[in-house]
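Okay, structure first, notes after.
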Amino acid sequence: MNSGSPVPDSYYERIDEHRFKPTVHASGAWDPSEQHFSPLGGLIVHAIEDHLAARPDTGLVPARISYDILGRPTLDECEIQVATLRPGRTIELLEAVVRIAGRPVVRTRTWLLSAQDTASVAGGTEDRLTPPDLLTPWAMSDLWPGGYIASLDVRPLATPRPGRATAWISTPLTLVAGEPSSPLASYLALVDTANGIAARQSPTAWMFPNVDLTVHLHRRPEGRWTGLDTTVAFGSTGLGLTSTVLHDVHGPVGHAQQILTVRPVPSGGRD
């Protein structure tokens with residue numbers, strides 16, 4: 001009989017106002033002892049929204065979320081502190097810093113802009129993707145290890161090929177145990193998956209982790225599915241770029257960019 005602890009149904013558990021504990025589902029693809037950045041990116045937005053909820057509503061909405069990954073986010077308790085860098089009634093800049101064992105590992109800056117009724121001039125975006133309920137799941141865990149990848153429902157529009165893939169991503173797990181998360185936080189908790197769905201080379205032979213993630217949004221995403229229309233380019237000097245058009249079931253919502261450090265896996269394997 002299995003007498004172990006029950007498997008959690010979330011990526012994080014809250015410890016207190018600013019601290020969170022990752023579960024096994026947050027473990028990374030490059031190293032299971034690290035957090036995959038995708039759920040951590042969603043958790044940061046969750047913390048930013050907690051910060052905004054504690055003050056009067058300004059009507060501002062996130063338009064750009066830029067994450068810089070400063071160090072290894074080990075699978076340990078993390079603390080997130082949010083501060084206002086540039087206050088304003090129509091434009092505001094926030095910064096969130098994630099610390100693990102007192103060391104900053106992620107610094108995020110978010111531009112908030114005033115919401116306006118611009119429906120009469122909206123346009124200029126691409127067509128919708130094929131709906132996810134018409135597609136067949138793909139076992140992404142056959143390519144990548146880690147609890148995060150194993151937690152996903154991945155539905156590509158066609159068989160992914162080196163450097164190119166379009167897929168829907170969702171998860172049955174909650175972001176933080178016992179807490180509702182916004183559509184935006186839940187959506188962004190899946191965006192960093194883009195760098196893995198269109199791998200140009202086998203991750204057992206080459207490493208190509210991203211050191212940042214920048215998301216620009218022209219509207220708020222809706223629903224439980226994150227659509228990733230992704231292209232990956234490798235340069236000749238150890239640099240790479242993952243570029244993604246972001247979708248929800250209603251159509252495009254914005255773009256994401258990830259700069260990569262490309263290098264062969266050391267002869268002794270990944271460390």
Side-chain angles (χ1 to χ4, degrees), residues 11 22-44 65-76 78 98-101 103-108 138-152 154 156 159-167 169 171 188-215 226 228-246 255-271:
Y11 292 108
T23 72
V24 65
H25 300 300
S27 67
W30 293 110
D31 184 344
S33 68
E34 298 177 0
Q35 297 180 54
H36 195 291
F37 188 74
S38 215
L40 182 56
L43 180 67
I44 293 168
I65 304 97
S66 181
Y67 307 90
D68 288 311
I69 304 170
L70 307 178
R72 292 178 67 243
T74 55
L75 199 67
D76 296 311
C78 53
V98 181
R99 290 181 172 85
I100 296 177
R103 178 175 61 94
V105 296
V106 182
R107 191 177 299 273
T108 301
W138 171 49
M140 192 173 172
S141 56
D142 290 345
L143 178 64
W144 293 98
Y148 169 71
I149 296 298
S151 74
L152 301 178
V154 183
T159 301
R161 62 183 194 272
R164 192 74 180 93
T166 304
I169 314 290
T171 177
L188 290 177
L190 301 172
V191 168
D192 190 71
T193 316
N195 191 39
I197 63 169
R200 291 197 66 85
Q201 296 291 332
S202 167
T204 61
W206 286 86
M207 299 179 67
F208 40 94
N210 54 300
V211 300
D212 81 331
L213 169 63
T214 300
V215 175
T226 296
L228 306 173
D229 185 0
T230 296
T231 301
V232 180
F234 286 176
S236 59
T237 59
L239 306 182
L241 179 65
T242 296
S243 303
T244 301
V245 180
L246 300 171
H255 292 77
Q257 302 278 348
Q258 298 160 281
I259 197 70
L260 316 177
T261 173
V262 183
R263 61 190 71 180
V265 171
S267 58
R270 293 199 296 258
D271 56 16

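Below, each value reflects all heavy atoms present in this structure, side chains not excepted, and no hydrogens, waters or symmetry copies. All values reported here derive from a predicted model rather than from experimental measurement.
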Chi angles and distances behind the side-chain contact (heavy atoms from CB on, under 4.5 Å) call for Thr166, Leu228: CA-CA 6 Å; Thr166 304; Leu228 306 173; over 6 Å; no
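- Of the residues Ile169, Thr226, Asp192, the one that meets the side-chain contact (heavy atoms from CB on, under 4.5 Å) test with Ser38 is Asp192.
- Ring centroids of Phe37 and Trp30 are separated by 6.0 Å or more, keeping the two rings apart.
- No side-chain heavy atom of Tyr11 sits less than 4.5 Å from a side-chain heavy atom of Leu43.
- Residues forming a side-chain contact (heavy atoms from CB on, under 4.5 Å) with Ala165 (at least two apart in sequence, or on another chain): Pro160, Ile197, Ala198.
- For the atom pair Met207 CE and Asp31 CG, the distance stands at 8.5 Å (nearest 0.5 Å).
- For the side-chain contact (heavy atoms from CB on, under 4.5 Å) test, residues two or more places apart in sequence or in another chain that qualify with Leu241 are Ser243, Gln257, Ile259.
- Scored by the side chain to side chain donor-acceptor pair (under 3.5 Å) test, Thr23 finds no partners at all (sequence neighbours excluded).
- Gln258 and Ala194 get closest at one heavy-atom pair: OE1-CB, 3.6 Å.
- Using modelled atom types and a 3.5 Å distance limit, the side chains of Thr193 and Tyr148 yield a donor-acceptor pair.
- Residues meeting the side chain to side chain donor-acceptor pair (under 3.5 Å) test with Thr244, sequence neighbours left out: Thr230.
- With rounding to the nearest 0.5 Å, the separation of OG1 in Thr242 from CZ in Arg200 is 10.0 Å.
- Phe208 and Leu260 get closest at one heavy-atom pair: O-CD2, 3.8 Å.
- Put simply, OG on Ser27 and CD on Gln35 are 10.0 Å apart, with the number rounded to the nearest 0.5 Å.
- Side-chain contact between Tyr67 and Asp212 is absent, with no heavy atoms from C-beta onward closer than 4.5 Å.
- Residues Val215 and His255 have side chains not in contact (no heavy-atom distance under 4.5 Å, counting atoms from C-beta outward).
- Between Pro209 and Thr261, some side-chain heavy-atom pair lies under the 4.5 Å cut-off.
- Minimum heavy-atom separation, Ile149 to Ala29: CG1-CB, 4.2 Å.
- A distance of 8.0 Å separates CG in Leu188 from CG in Leu213, rounded to the nearest 0.5 Å.
- Side chains of Thr159 and Arg161: a donor-acceptor N/O pair is absent below 3.5 angstrom, by distance only.
- In this structure, CG in Leu190 is found 6.5 Å from CG in Leu152, a value given to the nearest 0.5 Å.
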Test side-chain contact (heavy atoms from CB on, under 4.5 Å) applied to Val106 and Leu40, step by step: CA-CA 9 Å; Val106 182; Leu40 182 56; 4.0 Å; yes
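- Listed by first and then second residue, the salt bridge (charged side-chain N to carboxylate O under 4.0 Å, His left out) pairs that reach into residues 138-150 come to none, sequence neighbours excluded.
- The two atoms that bring Val191 and Ala256 nearest to each other are CG1-CB, 4.0 Å, heavy atoms only.
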Chi angles and distances behind the side-chain contact (heavy atoms from CB on, under 4.5 Å) call for Thr204, Val265: CA-CA 7 Å; Thr204 61; Val265 171; over 6 Å; no
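- For Thr74, the side-chain contact (heavy atoms from CB on, under 4.5 Å) partners at least two apart in sequence or on another chain are Arg72, Asp76, Ile100.
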Derivation of the side-chain contact (heavy atoms from CB on, under 4.5 Å) call for Thr108 and Asp68: CA-CA 6 Å; Thr108 301; Asp68 288 311; over 6 Å; no
